[in-house]
Amino acid sequence: MGETMQIRTRGIRTTVAALAAVAGVAAAVVPAAAATPTSDTPRFLEPADLPPHPSSPWYAAAVTAGQPDPLPMCVGDALPSTTTHREYWTEYDTNAQQLTVEGRSEQWAKDFAALLRKDLAGCAKKLMQQDPDITATQKYYGRLNVEEGADVYGIHTVSAWGSSDIGLFSVGRDGATVTVVRWGQMGTFQHAQVADFKATTVTAVNKLY
């Protein structure tokens, strides 16, 4: 399903942490502060909304104002200081993240979502430029019909020393607000819970307001 591209990559560790962050990304990180949601601010996923894990419940940190540290792989460069995020994890090596940005206008949000999609479409190539010991394969899983739409991507990385990680990403928009959902664990495309992740993405976009 989707378009597949296999590329040799250069410059980044390919562990589960690598699916959460790009090493050496130069971006200002705003000190994190717990965000206090109100009725007119975007809502975030709850642990039960994440793709079910066969052996563990999901846990979640508080919704936090500012960019996450470390920045997420491939979309991190584009995140403004006004980003709000939430981290999720299981008792094993599966983790997830939601990042939400309230834009200045609907046109700004439309352009920002397009930039994030472009970054994800070129993610494997970017990894290629950063580490000669990594092979990255990526797939595009299509567009979801929710609010102004959401797009889903998968990225698999294999290192020369044997690690293998799979990550799923989505970019969705509701009016002037854009949200990114990331899910990652050790494994291959066979271990990617694509259908469950698509359902999570639909929930994330629908829950924004």
Side-chain angles (χ1 to χ4, degrees), residues 1-25 44-61 68-77 79 85-99 116 119-142 151-171 179-201 203-204:
M1 180 187 301
E3 304 166 2
T4 304
M5 166 172 64
Q6 183 168 350
I7 306 173
R8 289 288 303 171
T9 63
R10 309 182 322 178
I12 170 174
R13 295 169 43 218
T14 183
T15 60
V16 172
L19 285 170
V22 173
V25 172
F44 278 71
L45 292 165
E46 295 298 330
D49 298 324
L50 274 294
H53 192 283
S55 305
S56 170
W58 280 93
Y59 305 95
D69 182 13
L71 291 168
M73 181 174 77
C74 290
V75 297
D77 284 340
L79 295 176
H85 67 279
R86 193 177 197 188
E87 306 290 337
Y88 308 85
W89 65 93
T90 68
E91 294 168 1
Y92 296 91
D93 51 20
T94 306
N95 58 85
Q97 187 178 54
Q98 184 179 4
L99 310 119
L116 292 173
D119 287 345
L120 284 169
C123 187
K125 182 177 180 180
K126 181 174 183 178
L127 299 181
M128 177 186 67
Q129 296 169 346
Q130 298 182 345
D131 195 328
D133 294 323
I134 302 302
T135 298
T137 305
Q138 68 181 69
K139 293 184 179 182
Y140 175 58
Y141 287 109
D151 294 86
V152 180
Y153 304 81
I155 299 171
H156 174 227
T157 56
V158 180
S159 72
W161 52 91
S163 63
S164 175
D165 300 304
I166 181 65
L168 296 174
F169 295 78
S170 61
V171 178
T179 195
V180 176
V181 181
R182 181 194 61 77
W183 171 96
Q185 67 173 34
M186 295 176 65
T188 68
F189 283 115
Q190 285 186 307
H191 303 102
Q193 295 176 248
V194 178
D196 291 330
F197 184 76
K198 286 183 174 182
T200 294
T201 296
T203 299

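Inter-residue side-chain proximity for Trp183 and Ile166 is flagged as met; some heavy-atom pair is nearer than 4.5 Å. Two residues are said to be in side-chain contact when any heavy atoms from C-beta on lie closer than 4.5 Å; Leu120 and Gln138 fail this criterion. Taking 4.5 Å as the limit, every side-chain heavy atom of Asp133 sits out of range of all side-chain heavy atoms of Ser159. Counting only heavy atoms from C-beta outward, the side chains of Pro72 and Val180 never approach each other to under 4.5 Å. His156 places a side-chain heavy atom less than 4.5 Å from the side chain of Ser164. The shortest side-chain heavy-atom distance between Leu116 and Phe169 does not fall under the 4.5 Å cut-off. Using a 4.5 Å heavy-atom cutoff, the side chains of Gln185 and Tyr92 are not in contact.
Although no hydrogens or angles enter the test, the distance criterion places a donor-acceptor pair under 3.5 Å between the side chain of Arg86 and the main chain of Leu45.
Heavy-atom minimum distance, Val181 versus Phe197: O-CZ, 3.4 Å. When every heavy atom of Pro68 is checked against every heavy atom of Gln97, the shortest pair comes out as CB-NE2, 3.6 Å.
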Margin query: Asn95 vs Arg182, test: side-chain contact (heavy atoms from CB on, under 4.5 Å). Steps then yes/no.
Written below: CA-CA 8 Å; Asn95 58 85; Arg182 181 194 61 77; 2.7 Å; yes
Note to self: One pair to check against side-chain contact (heavy atoms from CB on, under 4.5 Å): Gln98 and Thr179. What are the steps and the verdict?
What the structure shows: CA-CA 7 Å; Gln98 184 179 4; Thr179 195; 2.9 Å; yes
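Not counting sequence neighbours, Phe44 has no partner by the ring pair (Phe, Tyr, Trp, His ring centres under 6.0 Å) test. Every residue two or more places apart in sequence or in another chain that forms a side-chain contact (heavy atoms from CB on, under 4.5 Å) with Asp151 is listed here: Arg117, Tyr140, Arg143, Tyr153. Under the rule for a side-chain contact (heavy atoms from CB on, under 4.5 Å), Ala199 has no partner lying at least two apart in sequence or in another chain. The side chain to side chain donor-acceptor pair (under 3.5 Å) test applied to Thr200 returns no partner, not counting sequence neighbours.
Taking OH of Tyr59 as the start and OG1 of Thr90 as the end, the distance is 8.5 Å to the nearest 0.5 Å. For the atom pair Gln193 CD and Leu168 CG, the distance stands at 8.5 Å (nearest 0.5 Å). One finds the OG1 atom of Thr157 at 6.5 Å from the CE atom of Met73 (value rounded to the nearest 0.5 Å). Here His85 contributes atom NE2 and Asp69 contributes atom CG; the two are 8.5 Å apart, rounded to the nearest 0.5 Å. Atoms CZ and OG1, on Phe189 and Thr137 in that order, are 5.5 Å from each other to the nearest 0.5 Å.
Cation-pi geometry between Lys198 and Tyr141 is not satisfied (NZ or CZ under 6.0 Å from the ring centre, within 45° of the ring normal).
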Would you tabulate the side-chain donor-acceptor contacts of residues 49-58 under 3.5 Å, counting partners in other chains and residues two or more places apart, or write 'none'?
unit_1 : atom_1 : unit_2 : atom_2 : d
Asp49  : OD2    : Glu46  : N      : 2.8
Asp49  : OD2    : Lys207 : NZ     : 3.0
His53  : ND1    : Ser55  : N      : 3.0
His53  : ND1    : Ser56  : N      : 3.3
Ser56  : OG     : Glu91  : N      : 2.9
Trp58  : NE1    : Pro51  : O      : 2.7

